[in-house]
**Q** 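Provided herewith is a single structure, encoded as structure tokens, for subsequent inquiry.
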Amino acid sequence: MSQRKRSKGLGCSQLPDGEDDFIPTQVERRSPEQLNQKVSELVQFLLVKDQKKIPIKRADILKNIIREYKDAYSEIIKRADRTLQEVFGLQLVEIDAKRHIYILINNLPCAQGELLCRGKEQEKMGLLLVILSFIFMKGNSVKDSALWEFLHLLRVYPGKQHGVFGDVRKLVTEEFVRQKYLETTAIPLTDPPEFKYQWGPRAEKETSKKDVLNFVAKMQGKDPKFWASQYSEANKATT
Amino acid sequence: MSHAGTSGESPPAARRRRARPPQPQERAAREEAAEAAQEEAAEEEAAGERLRQLSIGDGDDDDREHNRMIRSQYRELISTVQQNREAMLNSKSNRLTEALEEANRLFDGVCRAREAALDAHFLVIASNIGKEKASELHSEMSAFDSTAFAEDLLTFMGINRTEVEETDESEDIPGGFLPTGAWQTIGEEAPKYFRRAPTFHYMMGSFKSEPPVPKQRIERQRKASRRKAERAMPAQLKKMEESHQEATEKEVERILRILQTHFEDDPNTPISFFDFVIDPNSFARTVENVFHVSFLTRDGLAKIKLDEDELPIIEPIKPSEGGEEEDSRAGARNQVVISLNQKEWKEIIETFQIREAMITPPYQATEEEMETE
């Protein structure tokens, strides 16, 4: 017992890396009520943290909720995920295995015509969908100049306050990026520096290339197969 | 260059001079002759070298001019390429090829590392552009027409193309009036494509973490100022405490003297309490006066009673044994709480026409003292 405890102590920093052999004994030390309490707290924490759609870091979870229950971390996370799925129809997904960052996504198939998002959110999602479609159809990566040129056509200008979105540049380059819907990387050796945009990890989880292609097809009144290479790529992704 | 010339000359001669060891005279004579011949040849060589270097040195300025020109041409080429990046990327243009050919031509005139470095810099930029062009070729995919897509989106959003909007940015943008609910229309369509978790909100509102924070700050400020005040106090406290007690006693004595002085002038007329205590210039001093007078009555040195008009009057008590006994008992039994607010104070001043304070303010004296100091 003492040996296991010692090794568990060493392994604590590596946490949920397949030390399942040791977990049952540690979990037994904690009473089920204590664990359930922690699980409920974690569920509430995740739900509240998800309001802004900014990914949740494991460090925050450990500091605010888990605290001294560090050894039962993976068990608590697993149970919280199960609660979220069974009770709320949501799923806890790790989008960065290295830095341990989580998001909540909807487990249920896309609801039709339900007001799950409210006005302002919906409009932002509209803009986001348009941007994601553009990026995908243009080969999964676009330069910022190309993106803004495209948005120009939709009366959305980076330098001008938009009636609906306000500071669009900030929305796209900061909010969407922070929420991990978009990813921006600098193009080397450009002066003045230019950036390129790609799908962020949250976009990868919340939507799919196939869905986005269907959206484009719907808008343009064409069959998705019209764009052969995008179609094949979209179908490859789903498998 | 000129330095090189002189340095080129000295080493061989120096070497020879250094290398000449002391030798027996016979061999020395033969060797001397041979060495002399060698020296001559070497000198000729050195002279020839110098000439050569000098000849380059003659074109030295030309050379520098030449190199400078090459560098400036390179820099111009680099800046042109960077500024016209978009034009170069256009798959229909040959400008990148032309730029590369230009650089090739320039490179022929390059003979030093400095210009070669510029050439390398240009090459890096050009190859980056080339890479981008290549990736654009690939990403054409199945020719996605973004303009058509944008137009279809606008149509979906409910654009009215018959009305032409008057905007100054409408150079490339097709005319048409976009209704206010445009993005809402797309917004209603969008959630179907996302598996977005609905945001969690308490139905009855939630505790917001904001309000406590300002309170904490205020408390901290108050605590901080209190602490500071306390820290400042210990140094002065010792002085102040004693003077406070003394000051009160002194004040009470002073007021008693004033009261007695007034009474001596006119022993039979008791003084109106209000006339006595009220300072028409300061409410605070009025309150202080009442406070000090209360000490007098407590100690049995003055008494307050109501006259025929039910107005309070004050008079000093002469220290006589009988009077003391009676009055002290009487005084011990009666307690009065006087309340006075600013409004009442002002009313009293008006009613009784109190123009000046009978109890002179104590601080005037100290202020004068301070001024003289």
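Throughout, protein chains are lettered first and strands after them, A, B, ... in sequence-line order, and every chain is numbered starting at 1. Because the structure is a prediction, the values reported are computed rather than measured.
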**Q** How would you list, by chain and number, every residue that makes a side-chain contact (heavy atoms from CB on, under 4.5 Å) with D167(A), sequence neighbours excluded?
**A**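 D167(A) satisfies side-chain contact (heavy atoms from CB on, under 4.5 Å) with Q161(A), R169(A), K170(A) only.
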**Q** Determine whether a donor-acceptor pair (N or O, by modelled atom type, separation under 3.5 Å) exists between the side chain of K205(A) and the backbone of R195(B).
**A**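 No, K205(A) side chain to R195(B) backbone: no donor-acceptor pair under 3.5 Å.
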**Q** What is the distance from atom CG of L154(B) to atom CE of M219(A), rounded to the nearest 0.5 Å?
**A**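 Between L154(B) CG and M219(A) CE, I get 11.5 Å after rounding to 0.5 Å.
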**Q** Using non-hydrogen atoms only, which part of L90(A) is less than 4.5 Å away from chain B: side chain, backbone, both, or neither?
**A**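 Only the side chain of L90(A) comes within 4.5 Å of chain B.
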**Q** Hey, mind stepping through F149(B) and M137(A) against side-chain contact (heavy atoms from CB on, under 4.5 Å) and telling me if it holds?
**A** CA-CA 10 Å; F149(B) 181 50; M137(A) 297 302 280; over 6 Å; no
**Q** Apply side-chain contact (heavy atoms from CB on, under 4.5 Å) to the pair L153(A) and T147(B), showing each step before the final yes or no.
**A** CA-CA 7 Å; L153(A) 301 170; T147(B) 322; 4.2 Å; yes
**Q** Please verify the inter-ring angle class for W183(B) with H162(A); under 30° counts as parallel, over 60° as perpendicular, anything in between as tilted.
**A**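 Taking H162(A) first and then W183(B), their aromatic rings stand perpendicular (interplane angle over 60°).
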**Q** Do you know which of A150(B), G187(B), A182(B) has the most heavy-atom pairs under 4.5 Å to chain A?
**A**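 The option with the most such pairs is G187(B).
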**Q** In terms of heavy-atom proximity below 4.5 Å to chain A, should F156(B) be classed as side chain, backbone, both, or neither?
**A**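 Contact with chain A involves the side chain of F156(B) alone.
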**Q** Applying a heavy-atom distance below 4.5 Å, give me the residues of residues 97-127 of chain B that approach chain A, sorted by number.
**A**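 Interface residues of residues 97-127 of chain B: V124(B).
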**Q** Could you check whether atom CD of E76(B) has more than 12 heavy atoms from other residues, nucleotides or ligands sitting under 6.0 Å from it?
**A**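 Counting neighbours around CD of E76(B), 12 or fewer heavy atoms of other residues, nucleotides or ligands fall under 6.0 Å, so no.
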**Q** Using heavy-atom distances under 4.5 Å, tell me whether T185(B) contacts chain A through its side chain, its backbone, both, or neither.
**A**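 Nothing of T185(B), per the 4.5 Å heavy-atom cut-off to chain A.
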**Q** Counting heavy atoms not belonging to K180(A), are there more than 12 under 6.0 Å from its NZ?
**A**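 Atom NZ in K180(A) is not packed in, count stays at 12 or less.
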**Q** Given a strict heavy-atom distance threshold of 4.5 Å, which part of A148(B) is in contact with chain A: side chain, backbone, both, or neither?
**A**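 Its backbone and side chain both get close to chain A.
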**Q** E189(B) versus chain A, heavy atoms under 4.5 Å apart: side chain, backbone, both or neither?
**A**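 E189(B) touches chain A through side-chain heavy atoms alone.
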**Q** Is there any ring pair (Phe, Tyr, Trp, His ring centres under 6.0 Å) pair reaching into residues 203-222 of chain A, and which pairs are they, with sequence neighbours excluded?
**A**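 Applying ring pair (Phe, Tyr, Trp, His ring centres under 6.0 Å) to every pair that reaches into residues 203-222 of chain A, excluding sequence neighbours, yields F215(A)-Y193(B).
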**Q** Distance from R155(A) atom CZ to I159(B) atom CD1, nearest 0.5 Å?
**A**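 Result: 4.5 Å between the selected atoms.
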**Q** Go through the side-chain N and O atoms of Q122(A) and E188(B) and say whether any donor and acceptor fall under 3.5 Å apart.
**A**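 No, no side-chain donor-acceptor pair sits under 3.5 Å.
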**Q** Taking only residues two or more places apart in sequence, or in another chain, which ones meet N36(A) in a side-chain hydrogen bond (donor to acceptor under 3.5 Å, both in side chains)?
**A**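 In terms of side-chain hydrogen bond (donor to acceptor under 3.5 Å, both in side chains), with neighbours along the sequence ignored, N36(A) is linked to R79(A).
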**Q** Taking atom CD of E175(A) as the centre, does the number of heavy atoms from other residues, nucleotides or ligands within less than 6.0 Å exceed 12?
**A**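 Buried by this count: over 12 neighbours within 6.0 Å.
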